[in-house]
Amino acid sequence: MTTFPSVKEQMDIIRKRTVEIIPEDELEKKLEVCVKEKKPLRVKLGCDPSRPDLHIGHSVVLQKLRDFQDLGHTAVLIIGDFTAMIGDPSGRNKTRPPLTLEETRINGKTYFEQASKILSEKNLEIRYNSEWLDKMTFSDVIRLTSKYTVSQILERDDFEKRMSAEQPISLHELLYPLSQAMDSVAVKSDVELGGTDQKFNLLVGRAIQEAYGQSPQCIITTELLEGTDGVEKMSKSLNNAICFNDSPKDIFGKTMSIPDTLILKYFKLTTTLPDSEITKIEKLLQDPETNPRDLKVQLGYELVKRYYDEQSAGFAREEFEKVFSRKEIPEDIPEYTIQDSEIKLVTVMKDTNTAESTSEAIRLIRQGAVSIDGHKITDEKFVIKAEKDFILKVGKRKFVKIKV
RNA sequence: GGGUAGGUAGCGAAGCGGUCAAACGCAUCAGACUGUAAAUCUGACGGCUUAUGCCUUCGGAGGUUCGAAUCCUUCCCUACCCA
């Protein structure tokens, strides 16, 4: 049987890097019972298997879940395969193709593989929500929907926004908060975690648990992270995400491209550096002597270290300085062998995916973005003669080694 | 069920018979400047081996016309008002 740290010690850890705990005193009470009866809390986190690519924005809430695991509580990871199977048509024209059960299983697996870079395998329970949602009958659904009112559901701010923007909302979308709430009922969660954008759903979970005679879960929200563009929320589809599965080089490079204003936030939310380090960085940032670039180098190093290891982090840093500070050629670049003795440059660019179409290749050449062995090519009709290997560079970061 | 306003490139939005591959803004990409930052400036931004050329595109399908994103018919979709 596990012994738990004192309530105060636990609360100190739990509170860190969170936005809200609702209600805080209720959580303390739950912890008191847990310490007394040596019974771990069940801490729920839901995830969407239709988007199985985790990025460092996800790491914030996963780390919080990990904190609970380390304190001895049970992490309940819910894979939302049921909702993924239905397909969420939010946003017009983009009727997301519903996933098959098989696909949700595969995605659930890759999700878990990535999540285990942060979560511990101990104290972990993984559940698929089709297990209970798929079994509900129509009368079950009616009973569930009778527990909540229309105006309560419409309070959710993105519904409200879409209403006032005169955008469609499908009826079943209104049921998503309720189905998520049913997950809480099914797994009898004591605490549910989520980003601040999930606050509404998490609160519905409380209400529904109560309506089903359970003691309501406490909710903990964590901050959302802006993407590398510094404006939008980090998301793979917005192309501003640093993903768990990105190569060390990419993690480092993408980190270097974040705006200065986000440096501190990234340190706080995406690394596990102790508070004392964070304070130090905060001070350095205010010092006009500091070049923010150097802090980003440190940040990039930390991130690669977290998702790979120290050695890769070191390599990524060196590589970056080599390519971008000293403008040299990177170590590992893709190779491409040309077949013919004479071939148009635009064709090679298209074949090597350094340009999406011939037209784009021509555009790039005209704009002076293309060079061969360091010599800028400005003739769009340039023909390559297969005499010796060379390095083709397109734009700032695309390199291909062309072999004869 | 009745009425009104709509559906245009990744998004937003003009165009309402030829000069439309379609203004403008955002996003994106490239160049300059840099710290692969931000800001700024310049350029590109459907495809085609590059062409005062061809092909595909303005919700779908038909039609009128020498010519349609623009007019007509019909179907599909969305929001709003009334019931």
Side-chain angles (χ1 to χ4, degrees), chain A residues 89-95 159-171 173 226-233 235-242 246-267 284-285 288-301 303 316-330 338 340 342-371 376-384 392-399:
Chain A
S90 45
R92 266 193 270 203
N93 306 334
K94 281 179 205 154
T95 328
F159 287 149
E160 217 170 328
K161 269 181 210 146
R162 276 161 70 184
M163 293 280 276
S164 51
E166 303 194 342
Q167 271 175 358
I169 302 173
S170 299
L171 197 50
E173 293 181 68
E226 287 87 349
T228 50
D229 58 5
V231 183
E232 299 291 337
K233 194 174 112 181
S235 138
K236 177 120 197 212
S237 50
L238 290 174
N239 214 0
N240 64 1
I242 302 175
D246 280 342
S247 65
K249 197 174 88 189
D250 282 344
I251 292 182
F252 196 93
K254 287 180 182 180
T255 306
M256 290 307 285
S257 76
I258 66 168
D260 293 356
T261 46
L262 283 180
I263 296 176
L264 187 65
K265 189 166 182 183
Y266 268 54
F267 266 112
L284 278 172
L285 267 172
E289 294 286 297
T290 311
N291 185 344
R293 196 197 88 103
D294 298 332
L295 289 172
K296 287 207 280 192
V297 170
Q298 191 192 338
L299 178 63
Y301 182 88
L303 286 174
R317 185 175 54 197
E318 267 169 50
E319 184 85 347
F320 180 85
E321 299 196 332
K322 187 172 167 184
V323 177
F324 296 105
S325 304
R326 302 201 299 271
K327 308 253 187 238
E328 288 169 22
I329 294 154
I338 47 175
D340 309 301
E342 287 200 359
I343 187 163
K344 291 207 171 190
L345 175 59
V346 286
T347 313
V348 174
M349 286 173 66
K350 203 173 127 185
D351 291 347
T352 54
N353 283 327
T354 44
E356 269 184 39
S357 63
T358 314
S359 307
E360 190 178 279
I362 292 168
R363 259 180 250 136
L364 288 166
I365 295 171
R366 278 187 191 154
Q367 295 183 121
V370 181
S371 68
K376 194 178 276 183
I377 304 295
T378 46
D379 176 12
E380 64 217 49
K381 291 178 186 167
F382 190 85
V383 175
I384 293 164
L392 173 68
K393 185 183 178 196
V394 180
K396 267 181 242 177
R397 58 192 99 168
K398 285 183 199 154
F399 294 87

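In what follows, every chain begins at residue 1, and chains take the letters A, B, ... in the order their sequences are listed.
Annotation: A9(B) and G47(B) have their C1' atoms spaced 13 Å apart (nearest Å). Taking atom C1' in both C45(B) and G10(B), the straight-line distance is 11 Å, to the nearest Å. Nucleotides G67(B) and C76(B), compared at atom P, are 29 Å apart to the nearest Å. Rounded to whole Å, the separation between the P atoms of C20(B) and C26(B) comes to 23 Å.
Applying the side-chain hydrogen bond (donor to acceptor under 3.5 Å, both in side chains) criterion to Lys376(A), with sequence neighbours excluded, gives no partner residue. The side-chain hydrogen bond (donor to acceptor under 3.5 Å, both in side chains) search around Asp229(A) returns Asn240(A), not counting sequence neighbours. The side-chain hydrogen bond (donor to acceptor under 3.5 Å, both in side chains) test applied to Lys233(A) returns Asp197(A), not counting sequence neighbours.
Counting to the nearest Å, the C1' atom of U49(B) and the CD1 atom of Ile343(A) are 11 Å from each other.
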Contacts under 3.5 Å, N or O only, protein and nucleotides 79-83 of chain B:
{"residue": "A79(B)", "atom": "O4'", "partner": "Glu166(A)", "partner atom": "O", "Å": "3.4"}
{"residue": "A79(B)", "atom": "O2'", "partner": "Glu166(A)", "partner atom": "OE1", "Å": "2.8"}

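Across all strands shown, U28(B) pairs with A44(B); the Watson-Crick or G-U wobble distances both stay below 3.5 Å. Nucleotide A22(B) is matched to nothing when pairs are restricted to Watson-Crick or G-U wobble geometry with both distances under 3.5 angstrom. As the counterpart of A37(B), no nucleotide is assigned, since no Watson-Crick or G-U wobble pattern has both distances under 3.5 Å. The partner of A68(B) is absent, by the rule that a Watson-Crick or G-U pair needs both atom distances under 3.5 Å. Remark: A5(B) base-pairs with U78(B); criterion is Watson-Crick or G-U wobble with both hydrogen-bond distances under 3.5 Å.
Here Thr358(A) reaches the OP1 or OP2 of U49(B): one of its side-chain N or O atoms lies under 4.0 Å away.
When atom types are taken as modelled, the side chain of Ser247(A) and the backbone of Asp250(A) share a donor-acceptor pair closer than 3.5 angstrom. In this structure, Thr354(A) contributes its side chain and Met349(A) its backbone to a donor-acceptor pair below 3.5 Å.
Two residues are said to be in side-chain contact when any heavy atoms from C-beta on lie closer than 4.5 Å; Tyr266(A) and Lys296(A) fail this criterion.
Arg293(A) has a carboxylate O that lies under 4.0 Å from a charged side-chain N of Glu321(A), or vice versa, which qualifies the two as a salt bridge.
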Where protein sits on nucleotides 27-46 of chain B, one letter per nucleotide: B base, S sugar-phosphate only, - none, heavy atoms under 4.0 Å
---SS---BBB-----BSS-

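Atom NZ of Lys381(A) is surrounded by 12 or fewer heavy atoms from other residues, nucleotides or ligands within 6.0 Å.
Counting only residues at least two apart or in different chains, side-chain hydrogen bond (donor to acceptor under 3.5 Å, both in side chains) contacts with residues 357-367 of chain A comprise Arg366(A)-Glu380(A).
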